[in-house]
Amino acid sequence: MTLPGVATGRPRAGYDVVVVGAGVQGLATAYELARSGVTNVAVLDRSWPGGGASGRNGEMIRSAFSSREWAQLFDLSLRRFSELSAELDFNILFSPSGYLVLSTTDEELRRQDLVAAKQAEYGVQSEVLDAAEVRRLVPHANPELARGGIFQRRAGFAHHDAVVWGYLRAAARAGVSVFSGVDVHAVLTSGGRVTGVRTDGGDIAADVVVNAAGAYSDDLNLTADVHLPLVKARLEMIVTEPVKPFLRCAVATPHLLGYCHQTARGEFVGGTELPGHDETDSLNTTYHMLRDMATKWVRLFPDLGGVRILRNWAGTVSQAPDLAPVLGEAPGVSGYHLSIAWVYGFMGAPAAGRLLAESITTGRVPDVMAPFDARRLIEGRSIAESTLVVTTDGRS
Amino acid sequence: MAFTFEGRTLSARPGQSIASAILQSGTPVLTRSFKYRRPRGYTCGYDICGNCPVTVDGLPGVTSCTTPVRGGEVVRRERGWPSADRDLLRATDLMARFVPAGFQFRLFRSRPRLAHLAEKVMGRVAGAGRFPTPQAARAVRTRTEVDVADVLVAGGGVSGCAAALGAAGSGASVTLVHPGRLGGRGSARDSIVTYGRETAPAAEVAGRLASAVLAHDGIRVVDGFVMSYFETGVIPVVADGLVLECRPKHLVVATGSYDVPGLFPGNDKPGVVLADGVGKLLRVDRVVPWRRAVVMTDGDRGRALADQLEQAGVEVVAIVVQQGAGASPEPGAGPADRQLDDERVLLGTVRAARGARVLRAVDVEVDGRVRTIRADLLCVALAPRPANDLALQRQYVAAGTTQAVGGGWAGADLSSSTPGLSVVGSAAGWTSDDPDRAHAVGAAAGSAQEK
Amino acid sequence: MAREVGVFAQALATWRGRRSSGRRRDALDRRTIVCPCHDATLFDLRSSWEAGYRHPETLKRATAVFMGPCQGKLCGQVTGDVIAALQGATEPEERRPSVRPPLFPVRMGDLVYEDESKPAGGAA
Ligand SMILES: Cc1cc2nc3c(=O)[nH]c(=O)nc-3n(C[C@H](O)[C@H](O)[C@H](O)COP(=O)(O)OP(=O)(O)OC[C@H]3O[C@@H](n4cnc5c(N)ncnc54)[C@H](O)[C@@H]3O)c2cc1C
Ligand code: FES
């Protein structure tokens, strides 16, 4: 056992559903399956639940995106986050302190009204802030970089471990068996149908297999002969010593490619990225990213120059060319479902778990989920989302 | 030299640490703890424990036990309202029962508003007003420079200095990184050490090695610390106003050891001090803020500390040799048996450190009976553990990711398996100073580097 | 080896043997600090373990050991010993949580690229 809710003993020879990966995606899906009555479910993870990106991310949550597809999916998630503590009977420390996407360049300033108008059209409430309003909201930010922004009041952040633990306990209570220390080597198929998985402890039969293997989801796909243009990418973050509360809301800066917030304990937590992606599955951190983060965060919050960094860590994800997730049944293998290519997979999990479970149990794909089908990647279509703090490296 | 401490003017000798000067002035509480606001004092002496951060000239989180007094600075303590001496939020400790680890996940799970409010209160308590002033924050800036030395030695104690001299002697260019004065923990030790043809107390040998290093043209000495071992082989060193990017062909880890704390109720009280911290205060800072000491040990180290304390005029009332610790299967060979001729020695177990705010007494159990011994110092002199962090990071990079390296708890010898890495001295688990051996390791590393 | 591994494992076992039960032990364990950086107590470690956080990495996340300013320099060995004692072993079965950079806290300003006009990256 590695966490409360993890099963003792080994998995049985067969289940109705096998979920590969006990990250937030796999656990949310298993929990929602159990809630809709499918309880003969096993979640298999080679590590401890949350040991992947789900326990290493920036914890940020919003639904104020610029595209209809993203906004609608993530708005369902955001609504779920506010009811999750009560539902899971576990305080996930969701903090609806607001989420600010900063505008820095003239172009960003020009576009912010347009983006907010689109968000209103999708049913997502947001506010356009001018320089003075941004200054009131984040008084420590450098005014040259914080010239405006789009603020979503209901959004914010939650404790990533708590979300994983909450889903894990609730899923286990509902009858799901979650195993850690089980390595899945392959997805087994026969005649275009999934039949189970091969693990280091033998084969397990299942009519439905869910791939929620995070960074390793593409490796798993290949064993089922599913070919999607995904890459592994490493992302890094820093955390400082606790300081007085100086940053109320979550902040993303597309200009600096960064995202950050201050935790309840007072630590400043932030990550940045460089154009392109760092294609590796190593969990070592890099010196140049540490300097990049320090440089950018001190530019944005000059007072942080005097605050000590305690820790720097890395996590890995899988990415599609358009950075949108892949959600739904895999092309060509019936019964094999994907919840992969998540770059914003922490905030997306409550919605994705529910939608995927619904499509598995009913056989119908919910409208909000449909655009994220894997076929878009094979057919070369992409979902255009312009407010991300990750770049697509011109590949889309 | 003088500086201002919370409105008072305190004086210090050049080189003396801020913490030692505060202690000398009769102030044992240096900060308040993070969650329960428990009083905390000087503990480790080497920037290990996190119990002594102060705010200096508007910059929070300055480690007072390793930062020397410069003169003229304004120092104040952090966390504590109205002050670190009397903290009203100390009341949270009385509620400790109700706020164990994880309590927040059970709190207000169906009351989102209250949950959010509770979180804000926690943030205020934890962060507690620490924040740099804008001027102080903007003053923190460094240059970046590239270092081209063949061999990088991390740590300038007895072993690090000897290894650096060995490497430089064989013709390699060497950079030696050490925070503060060279000599390390050896500077506070009286044990007899052999180096070459000489035999002398460790402190003397440390001094001689340090002078030799400083006089050597082939060794660059940097006052700073090694930040990490990163992918691509870069080892940044952070010094005052300078970041040095080192890419040595060979890394010698001579980072010494960490003291291991005792595990008993009250083990965090001001007055409970780890052995290296005691030694440093007595011998390097030359401050004696105690009168009556109890020494807790699991081996021979306790007696050495007790002797140093007595030389400094501190009455050592007991040396408690922990039972069940360091036990030897052979009767007569264990450290306890060797020390039975010393009347200060008690074979027992420390059960508790007592005192409302600072240490007043130590409960010791001997033969099933608990005795309360009055003391203002409990010196914890357990066998230290190797400071193996840097060597572990070297291995993570060699292995490609952090998760592929097993163990790592007590620091098995990490150097044999990794090319370009040597570990010497207590970092390698050597139980006594052996500068000759460290010198030889350094020489081998140095001569392996082709010119 | 500098120290006999599991010294505390033994001490802990003796202690348990003598006053092994109930409220008094809990009270004592609450006053026994394993991780001074985050005020994690022996009680926190033991009760989190009993609740099911039975892996160094998950126990770390449940109690915040290894996560303070010292990053486990002080609590690392004791935590390992407590885990070993709870596992009935001399050393934990699993690897220790990763040693993450930086080895000592470093001020963010110290790592700023001096040429600020040249952003380290981003969409400038
Ligand atoms: C530094 C960083 C910052 C981020 N910031 C944010 C943010 O602010 N907001 C946000 O929404 N998202 C953020 N993300 C992204 C988010 O963390 C991920 O998208 C999300 O956690 C993905 O969850 P998952 O369950 O799909 O994957 P993971 O959490 O990675 O879980 C996958 C699991 O599968 C297991 N596994 C893999 N292969 C196998 C196999 N063959 N057999 C058995 N088990 C296997 C792994 O052990 C792992 O536990 C960030 C990510 C990183 C790395
Ligand atoms: S004592 Fe645990 S992190 Fe410092």
Side-chain angles (χ1 to χ4, degrees), chain B residues 33-36 38 40 44 47-51 53 61 96-97 100-102 137 140-144 225-228 230 238 243 257-258 260-261 263-268 298 322-327 349 382-386 389-390 392-393 396 402 405-410 426 429 431, chain C residues 1-5 7-8 10-15 28-34 36-45 47-48 51 62-64 68-71 73-78 80-82 91-92 95-96 98-114:
Chain B
S33 72
F34 176 79
K35 182 172 164 193
Y36 301 132
R38 294 166 68 95
R40 291 281 162 77
C44 75
D47 191 8
I48 288 163
C49 74
N51 279 347
R97 275 188 63 118
V140 184
R141 283 298 183 279
T142 51
R143 285 169 309 110
T144 302
F225 64 88
V226 170
M227 195 165 82
S228 281
F230 285 102
V238 180
V243 173
S257 57
Y258 300 138
V260 174
L263 203 54
F264 48 83
N267 58 348
D268 63 329
D298 59 356
Q322 292 287 105
Q323 288 306 282
T349 312
L382 302 173
R385 73 165 170 115
D389 318 25
L390 180 59
L392 274 171
Q393 288 189 333
Y396 298 159
T402 56
V405 177
W409 290 98
S426 10
T431 47
Chain C
M1 208 51 263
R3 67 191 301 269
E4 195 166 312
V5 175
V7 161
F8 280 111
Q10 299 170 25
L12 216 60
T14 344
W15 186 22
L28 292 172
D29 286 0
R30 279 198 182 94
R31 301 260 157 226
T32 305
I33 306 288
V34 171
C37 286
H38 274 148
D39 276 351
T41 66
L42 187 53
F43 177 80
D44 290 333
L45 259 70
S47 56
S48 298
T63 61
C70 85
Q71 291 292 296
K73 291 189 189 73
L74 199 66
C75 63
Q77 183 70 55
V78 183
D81 287 345
V82 171
E91 215 192 24
R95 61 189 292 279
R96 64 151 280 174
S98 314
V99 180
R100 288 177 169 151
L103 293 174
F104 290 88
V106 50
R107 289 196 200 273
M108 229 187 268
D110 278 331
L111 298 179
V112 169
Y113 281 120
E114 51 267 56

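We name chains A, B, ... by the order of the sequence lines, and we start the count at 1 in each one.
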request  = Drop me the distance from C/His38's NE2 to B/Tyr36's OH, to the nearest 0.5 angstrom.
outcome  = 12.0 Å
remark   = Taking every heavy atom of B/Cys49 against every heavy atom of C/Leu74, the minimum-distance pair comes out as CB-CD2, 3.6 Å
key: pair B/Arg38-C/Ile33: side-chain heavy atoms closer than 4.5 Å   = yes
query = Which bit of C/Ala62 comes within less than 4.5 Å of chain B, counting heavy atoms only: side chain, backbone, both or neither?
reply = backbone
Chain B contacts, top residue of C/Thr63, C/Leu103, C/Val106 (heavy-atom pairs, under 4.5 Å) = C/Leu103
query = Between CD of C/Glu91 and CH2 of B/Trp409, what distance do you get to the nearest 0.5 Å?
reply = 8.5 Å
request  = Could you check B/Val140 against C/Val112 for side-chain contact (heavy atoms from CB on, under 4.5 Å), going step by step and ending with a plain yes or no?
outcome  = CA-CA 9 Å; B/Val140 184; C/Val112 169; over 6 Å; no
query = Are B/Asp389 and C/Gln71 close enough that some pair of their side-chain heavy atoms sits under 4.5 Å apart?
reply = no
task = For chain B, find which of C/Ala40, C/Ala64, C/Cys70 contributes the most heavy-atom pairs closer than 4.5 angstrom.
result = C/Cys70
note = From the list C/Pro69, C/Pro101, C/Ser48, C/Pro102, the residue making the most non-hydrogen contacts under 4.5 Å with chain B is C/Pro101
query = Between C/Val34, C/Leu45, C/Asp44, C/Leu111, which residue shows the highest count of heavy-atom pairs closer than 4.5 Å to chain B?
reply = C/Asp44
For C/Ser47, all residues meeting side chain to side chain contact (heavy atoms under 4.5 Å, CB included), sequence neighbours excluded = C/Phe43
ask   = For the side chain of B/Gln393 and the backbone of C/Val99, is there at least one donor-acceptor N/O pair under 3.5 Å apart?
value = yes
request  = Measure the spacing between CZ of B/Arg141 and CG of C/Asp110 and express it to the nearest 0.5 Å.
outcome  = 9.0 Å
task = Measure distances from B/Asn51 to the heavy atoms of chain C and classify the residue's part below 4.5 Å as side chain, backbone, both or neither.
result = side chain
query = Hey, does C/Leu28 have a side-chain heavy atom less than 4.5 Å from the side chain of B/Phe264?
reply = no
remark   = When rounded to the nearest 0.5 Å, the distance separating OH of B/Tyr396 from OG of C/Ser98 is 4.5 Å
ask   = Can you tell me how far the OH atom of C/Tyr113 sits from the OG1 atom of B/Thr142, to the nearest 0.5 Å?
value = 10.5 Å
Choice from C/Pro92, C/Gly68, C/Pro105 maximising heavy atom contacts with chain B below 4.5 Å = C/Pro92
key: Partners meeting side chain to side chain donor-acceptor pair (under 3.5 Å) with C/Asp39 (sequence neighbours left out)   = B/Ser33, B/Arg40
remark   = Rounding to 0.5 Å, atoms CZ (C/Arg95) and CG (B/Leu392) come to a distance of 8.5 Å
